[in-house]
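All chains are named by letter (A, B, ...) in the order of the sequence lines, taking the proteins before the strands, and each is independently numbered beginning at 1.
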Number of protein chains: 2
Amino acid sequence: MEYEQLKLDNQLCFRLYTAARLTMGAYHPYLDPLGITYPQYLVLLVLWEQDKQPVNDIAHKLFLETNTVTPLLQRMEKAGLVKRTKGKEDTRQRIVSLSKKGIEMREQAKHIPECLSNEIIQITGEEEEFVRMIPTLDKLIQGLKQQ
Amino acid sequence: MEYEQLKLDNQLCFRLYTAARLTMGAYHPYLDPLGITYPQYLVLLVLWEQDKQPVNDIAHKLFLETNTVTPLLQRMEKAGLVKRTKGKEDTRQRIVSLSKKGIEMREQAKHIPECLSNEIIQITGEEEEFVRMIPTLDKLIQGLKQQ
DNA sequence: TACTTTTGCATCGTGAACGATATAAATAAG
DNA sequence: CTTATTTATATCGTTCACGATGCAAAAGTA
């Protein structure tokens with residue numbers, strides 16, 4: 001059994017990877033009608049919490065690199081969801097702000113988290129375990145981000 | 001607090017998505033020297049368990065679409081890790097088999113799961129919770145796959 | 001002030017991931 | 001035995017995701 005640990009069944013990371021992919025897929029019925037993708041939805045979540053943020057802040061909150069977020073924002077600007085203006089104090093910065101369309105979308109997206117949550121609970125028959133999972137995932141994320 | 005649930009902090013799926021991405025990043029120090037990516041590593045895990053499988057079986061075991069796996073395998077073939085031969089009974093199938101290099105890599109990869117596991121436990125200070133997480137993630141994966 | 005370093009963002013190249021579509025082979029239906 | 005349908009891959013187009021690199025502005029230093 002020298003290679004026992006190489007079996008796919010023993011891989012926690014594979015489960016995380018798969019669960020994340022399939023969960024993103026579960027957003028499709030809700031995001032497709034809005035014409036946005038899951039990462040774009042995450043950007044909107046960030047901006048709905050606080051409008052007018054530089055690229056760097058958004059990237060940091062999503063644990064993404066700016067070279068991922070920049071093209072994402074360019075596509076979102078093209079779709080009329082956000083505007084990107086030069087920073088006043090620091091002209092290197094690009095301040096991202098919600099457009100009218102981006103602001104209005106909040107109302108349409110209001111129930112998405114609840115819907116997803118219900119769906120997951122219904123599918124798995126679990127709720128408690130997901131709640132318990134959160135601080136552990138947070139520790140993992142924070143720990144891996146340091147490296 | 002009408003939009004409370006839209007706060008990023010409340011999103012389980014965002015944590016899954018982020019944890020999965022960062023965990024994949026943690027494989028880099030181990031996979032880069034082997035010249036493979038994480039999804040390619042997963043394909044190797046599948047083939048190390050059982051050599052000579054059609055594309056469809058590999059895709060199914062990884063919960064991926066064949067249009068993701070096909071180019072993945074093409075890159076792996078170009079890298080000399082696998083061979084892709086026409087099926088004998090069913091000529092539509094492409095049987096994927098390990099090359100010498102692919103077989104030998106198993107020995108080099110032997111300790112990767114253990115290393116990652118230790119790293120994660122050390123970073124988070126948790127182990128029990130990850131063990132408990134596994135059947136829940138499996139339920140989630142199975143449930144989402146049906147849809 | 002002149003020079004160096006850092007920072008914020010953008011660009012480029014590569015590899016996933018997947019919906020849509022194509023194609024050929026196998027299977028089912030007539 | 002044809003014809004229709006399904007199945008197994010492949011191809012195409014778009015969107016992430018990220019390492020490497022570029023560039024201009026800001027900050028630090030001599």
Side-chain angles (χ1 to χ4, degrees), chain A residues 14 17-29 31-32 35-43 53-60 62-79 81-82 84-96 144-145 147, chain B residues 14 17-29 31-32 34-44 53-60 62-79 81-82 84-96 144-145 147:
Chain A
F14 170 61
Y17 159 79
T18 305
R21 271 193 312 105
L22 297 182
T23 306
M24 280 176 62
Y27 276 86
H28 266 123
L31 298 182
D32 286 354
I36 58 175
T37 64
Y38 183 70
Q40 292 174 7
Y41 170 67
L42 292 180
V43 170
Q53 295 188 56
V55 176
N56 217 10
D57 288 20
I58 297 172
H60 187 254
L62 298 178
F63 302 93
L64 288 168
E65 304 299 319
T66 59
N67 57 0
T68 297
V69 175
T70 291
L72 193 55
L73 291 170
Q74 288 170 342
R75 284 186 289 268
M76 291 179 76
E77 186 172 44
K78 210 157 114 185
L81 293 164
V82 300
R84 292 152 69 237
T85 54
K86 277 218 187 299
K88 279 161 193 168
E89 305 131 36
D90 189 335
T91 62
R92 290 172 305 179
Q93 287 187 336
R94 285 281 225 168
I95 308 297
V96 182
L144 289 172
K145 198 52 195 175
Q147 309 216 316
Chain B
F14 169 62
Y17 160 78
T18 304
R21 272 192 313 105
L22 297 183
T23 306
M24 278 175 63
Y27 276 87
H28 267 125
L31 299 182
D32 285 354
L34 302 183
I36 57 175
T37 64
Y38 183 69
Q40 291 174 8
Y41 169 67
L42 291 181
V43 170
L44 288 177
Q53 295 189 56
V55 176
N56 216 10
D57 288 20
I58 297 172
H60 188 255
L62 298 179
F63 301 93
L64 289 167
E65 304 298 319
T66 60
N67 56 0
T68 298
V69 175
T70 292
L72 194 55
L73 291 170
Q74 288 169 341
R75 284 186 288 267
M76 291 179 75
E77 185 172 45
K78 210 156 112 184
L81 292 164
V82 301
R84 293 153 69 238
T85 54
K86 278 219 185 297
K88 279 161 194 168
E89 305 130 37
D90 189 335
T91 63
R92 290 172 305 178
Q93 288 187 334
R94 286 281 224 165
I95 307 298
V96 182
L144 290 172
K145 197 54 196 174
Q147 308 216 316

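For the atom pair CZ (Phe63(B)) and CZ (Phe14(A)), the distance works out to 5.5 Å, reported to the nearest 0.5 Å.
Atoms CD (Gln53(A)) and P (dC9(C)) sit 11 Å apart, rounded to a whole Å. When the P atom of dA27(D) is taken as reference, atom CD of Glu89(A) falls 10 Å away, rounded to whole Å. Protein atom CZ of Arg94(A) is 16 Å distant from nucleotide atom C1' of dT7(C), rounded to whole Å. To the nearest angstrom, P of dA25(D) lies 18 Å from NZ of Lys88(A). Between Ile95(B) atom CD1 and dA8(D) atom P there is a gap of 11 Å when expressed in whole angstrom units. When the P atom of dG8(C) is taken as reference, atom CG of Leu73(A) falls 16 Å away, rounded to whole Å. Across the protein-nucleic acid pair, Leu42(A) atom CG and dC16(D) atom C1' stand 12 Å apart, rounded to whole Å.
In this structure, the nucleotide among dT11(C), dG8(C), dA10(D) sitting nearest to the side chain of Gln93(A) is dG8(C). Closest to the side chain of Asp90(A), out of dA10(C), dA26(D), dT9(D), is dA26(D).
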- Message: So if I define the base as every atom that isn't primed, P, OP1 or OP2, how would nucleotides 14-20 of chain C read as a B/S/- string at a heavy-atom cutoff under 4.0 Å?
- Response: -SBBBBB
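In this model, the phosphate group of dA10(C) is approached by a side-chain N or O of Thr70(A) to a distance below 4.0 Å at OP1 or OP2. Residue Thr91(B) places at least one side-chain N or O under 4.0 Å from the OP1 or OP2 atom of dA26(C).
Note: Tyr38(B) and Tyr17(A) have perpendicular aromatic rings, judged against thresholds of 30 and 60 degrees for the angle between ring planes.
Between the base of dA8(D) and the side chain of Arg92(B) there is no donor-acceptor pair shorter than 3.5 Å.
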